Amino acid sequence: DAQLCQGSLGDPIVNITFGAGSNPGPPLAAAAGYSYIAADCPNDGSYTVRNNSSSCFGGNWHNIAPDHTGDPNGYFMLVNAAIGAGVFYIDTIRGLCGNTTYEFAAWVMNVSIPQSCSGNSILPNLTFRIEKTDGTLLQTYNTNDIQILNSPTWKQYGFFFTTAPGIPDIVVRIFNNAPGGCGNDLAIDDITFRPCGPLLVPSIVAQPANNVTLCEGNAGTFNFTCQVSGGFTMPSYQWQQSINGGAWTDIAGETLPTLTRSFPANATLGIYAFRLAVAEAGNMGSAQCRIASTSLSVNINANPSTTALNSGPVCDGTTLILTATGGSIYQWTGPGGFSGNGSPLSVSNLQASQQGKYYVLVKDNNGCEHLDSTIVDVNPSPSATTTFNQVNICPGDSTVFSASGGISYEWQPAEGLSSAIIQSPKASPSTDTHYEVIVSNSFNCVDTAFIDVNVIAMPQADAGPDRSMLENEPITIEASIAGDNFTYNWSPSPYINNISLLQPQVNPPVDTKFILNANSGCGSSSDSMKVFVYKDIFIPGAFSPNEDGINDTWYIPALSAFNEYELIVFNRYGEKVFQLRNENRRWDGTFKNKRLPVGAYVYSLVIKKYINPYKGTVMLIR
């Protein structure tokens with residue numbers, strides 16, 4: 001590697017690529033002492049020419065897909081070394097310049113895999129010899145052992161040499177120094193001879209890179225220069241030009257290390273490349289004696305081809321979408337000082353004052369730009385109104401809506417309407433409903449208004465359950481009313497602390513019926529409850545459960561006036577035969593569904609709000 005040219009190279013005067021095409025490639029005249037085979041995977045002492053190789057010797061060779069350049073059809077020479085060391089390639093190169101330094105190079109691959117030959121593969125070892133046609137050695141170079149790698153890898157080997165004066169032809173020989181056997185298998189590609197000379201370092205004055213860009217319609221002047229290191233005794237110079245990748249041609253009269261080129265505004269689009277060719281004095285006329293710098297280029301690019309569009313015409317108060325194509329950067333300007341970037345670009349709440357022409361400066365990745373425009377039309381939106389926003393109706397009743405502001409109307413939802421697409425429909429909803437009307441004008445612009453219809457339910461009065469109380473111990477009535485927008489009162493008014501309360505306190509001296517009256521604009525209803533008033537807690541002393549309909553049960557009516565109490569009845573043995581807790585029901589003289597015998601039974605009544613319990617006996621008589 002270190003013996004490759006360290007200066008600058010000329011164009012290849014010899015470039016042996018082995019060609020390209022379908023498999024197999026043709027035999028090589030330069031192959032020395034090796035047999036050609038048309039198939040893949042040559043045996044010892046043979047070679048083939050391929051654009052790929054795979055599955056050789058049970059997978060002990062790498063699979064090679066493209067040649068060294070990556071061309072899927074490009075050929076390379078695939079060699080299985082002979083048992084004995086020796087030359088496998090010899091060729092005569094003609095037309096070289098005398099007293100000129102050249103680089104010889106070739107790309108080589110060890111095709112064995114690390115596991116081949118149980119890890120003991122013989123490694124290729126090549127010697128390149130450059131000779132005069134009479135066999136006199138000019139230069140030699142040895143690659144040393146070419147190592148096995150984990151993947152198929154091309155590596156360039158080469159060296160440079162100087163031809164003798166007046167000797168234009170040389171012979172190149174490639175020796176394989178390693179013995180044959182298991183391993184020593186290789187591929188070779190792209191054998192080149194190129195003039196080698198001093199290092200040439202080109203640049204464009206006052207530019208950071210070796211290429212500059214001009215955009216269509218812009219003029220520019222550029223100064224090119226090239227530094228030439230020592231190496232030639234009397235160097236001569238020639239600037240060359242290539243347009244759009246074409247052949248390099250000499251620029252007449254440009255024979256100094258500097259070059260100035262001007263490009264007018266109407267210059268043809270394309271890539272203009274420049275390089276400096278250098279040779280010893282007297283050799284410039286031969287392309288085989290020149291070296292050349294890397295290229296400097298001026299790229300004249302077309303301005304972007306653009307489009308500018310908008311989503312209009314749009315209605316005021318809505319969103320406009322601006323869209324442009326053809327570049328990577330989009331800068332917008334418009335009426336009223338508008339500016340924005342990007343595509344697509346949204347402009348919300350557009351107003352009539354913002355209609356007009358919008359400009360977009362489109363820039364591409366080369367920095368070239370083009371100004372485009374689009375005209376935006378903004379149409380007025382209607383102003384939707386309704387004669388009222390809220391109305392109350394009774395169940396089964398109707399009301400008439402009325403909207404204005406446009407030429408067409410659409411009501412949502414349609415349920416309960418005589419028509420959903422007229423200006424003034426009749427509405428008869430069965431439940432509370434929020435209606436919206438979409439009003440459109442001649443530009444198909446819309447606005448929305450609404451009406452809330454509240455269906456007033458008729459009141460349903462519930463005065464609550466009948467209640468019991470002890471005299472002068474007020475109670476609260478548990479009443480309720482279902483419905484909407486109602487008023488209510490109680491009657492009669494005496495003995496009620498407030499007839500306008502839904503759950504008032506009452507304290508009548510005797511049994512009294514109270515009436516709850518509820519009214520709304522959609523009707524009225526009433527309900528009553530009765531309060532039973534007890535002077536004290538009367539406990540009957542006897543009852544006769546003989547099914548004659550008279551005193552068949554034992555019952556203490558006043559217990560209904562209390563929430564928390566417990567009543568227990570015991571037989572003469574102290575066994576509980578009847579028990580009440582916070583419920584007032586009658587005792588029929590049975591215990592466990594069996595009739596109890598006649599006799600006296602002891603009771604105990606504990607009422608939470610009183611300190612002392614009530615105790616006594618009750619006689620069961622048949």
Side-chain angles (χ1 to χ4, degrees), residues 69-71 201-226 239-249 251 258-276 292-314 318-348 350 354-378:
T69 65
D71 181 358
V201 182
S203 62
I204 305 174
V205 177
Q207 297 294 330
N210 285 350
N211 58 81
V212 293
T213 296
L214 276 180
C215 296
E216 179 183 4
N218 295 330
T221 297
F222 303 97
N223 296 313
F224 306 99
T225 186
C226 185
W239 283 97
Q240 296 179 313
Q241 176 177 274
S242 170
I243 300 176
N244 294 326
W248 288 99
T249 59
I251 304 174
T258 59
L259 172 69
T260 299
R261 274 291 180 265
S262 295
F263 297 88
N266 62 351
T268 302
L269 304 180
I271 301 175
Y272 297 81
F274 303 90
R275 71 179 185 180
L276 181 65
S293 69
T294 55
S295 64
L296 308 170
S297 63
V298 177
N299 303 334
I300 304 180
N301 296 317
N303 291 325
S305 176
T306 64
T307 63
L309 304 169
N310 71 82
S311 59
V314 295
T318 62
T319 297
L320 171 73
I321 306 297
L322 297 169
T323 305
T325 63
S328 56
I329 298 175
Y330 304 90
Q331 298 172 334
W332 295 87
T333 57
F338 171 81
S339 64
N341 296 288
S343 177
L345 177 64
S346 297
V347 186
S348 59
L350 198 70
Q354 294 175 273
Q355 71 176 1
K357 183 175 285 189
Y358 285 72
Y359 294 91
V360 57
L361 184 63
V362 181
K363 296 182 180 181
D364 62 19
N365 292 328
N366 295 316
C368 297
E369 59 188 35
H370 182 251
L371 186 66
D372 210 336
S373 65
T374 180
I375 296 177
V376 173
D377 293 322
V378 181

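Computed from a predicted model, the values in this text were never measured in an experiment.
At least one side-chain heavy atom of Pro344 sits under 4.5 Å from a side-chain heavy atom of Thr323. Side-chain contact check for Tyr358 versus Leu322: some heavy-atom pair is nearer than 4.5 Å. Counting heavy atoms from C-beta on, the side chains of Leu296 and Leu259 never come closer than 4.5 Å.
The side chain to side chain donor-acceptor pair (under 3.5 Å) test applied to Asn365 returns Ser328, not counting sequence neighbours.
Donor-acceptor pairing under 3.5 Å is recorded for the side chains of Asn310 and Thr374.
Distance check, rounded to the nearest 0.5 Å: OG of Ser348 to CD1 of Ile321 gives 9.5 Å. The distance from atom CG of Asn223 to atom OG of Ser262, rounded to the nearest 0.5 Å, is 8.5 Å. Taking CD of Glu369 as the start and CD of Gln331 as the end, the distance is 8.0 Å to the nearest 0.5 Å. The distance from the CD1 atom of Ile300 to the OH atom of Tyr272 is 4.5 Å, given to the nearest 0.5 Å.
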- Message: For a side chain to side chain contact (heavy atoms under 4.5 Å, CB included) check, start with the C-alpha distance between Leu320 and Ser311, then their side-chain angles and the critical distance, and finish with the verdict.
- Response: CA-CA 6 Å; Leu320 171 73; Ser311 59; 3.7 Å; yes

- Under the side chain to side chain contact (heavy atoms under 4.5 Å, CB included) rule, what do Phe338 and Val347 come out as? Steps first, then yes or no, please. CA-CA 10 Å; Phe338 171 81; Val347 186; 3.7 Å; yes

- Item | side chain to side chain contact (heavy atoms under 4.5 Å, CB included) evaluation trace for Ile243 with Thr268 | CA-CA 10 Å; Ile243 300 176; Thr268 302; over 6 Å; no

- Item | Trace of the side chain to side chain contact (heavy atoms under 4.5 Å, CB included) decision for Thr221 with Thr260 | CA-CA 7 Å; Thr221 297; Thr260 299; 3.8 Å; yes

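In this pair, Phe263 and Phe274 present their aromatic rings perpendicular. The plane angle is above 60°, beyond the 30 to 60° band.
Checking side-chain atoms of Glu216 against main-chain N and O of Asn303 turns up a donor-acceptor pair under 3.5 Å. Between the Asp364 side chain and the Asn366 main chain, a donor and an acceptor come within less than 3.5 Å of each other. In this structure, the side chain of Ser293 engages the main chain of Leu276 through a donor-acceptor pair within 3.5 Å. Between the side chain of Asn244 and the backbone N or O of Ile271 there is at least one donor-acceptor pair closer than 3.5 Å.
Between Trp332 and Ala324, the closest heavy-atom pair is CZ2-CB, 3.7 Å. The two residues Ala273 and Trp248 come nearest to each other via the heavy atoms O-CZ3, 3.5 Å. Contact between Ser242 and Gly246 at its shortest, heavy atoms only, is OG-O, 2.6 Å. Smallest separation of non-hydrogen atoms from Trp239 and Arg275: CE3-O, 3.3 Å. Pro335 and Gly356 get closest at one heavy-atom pair: CG-CA, 4.1 Å. Closest non-hydrogen pair, Ile204 versus Ser297, comes out as CD1-O, 4.0 Å.
Results of the side-chain hydrogen bond (donor to acceptor under 3.5 Å, both in side chains) test with Thr325 over Asp372, Thr307, Thr306 single out Thr307 as the only residue that passes.
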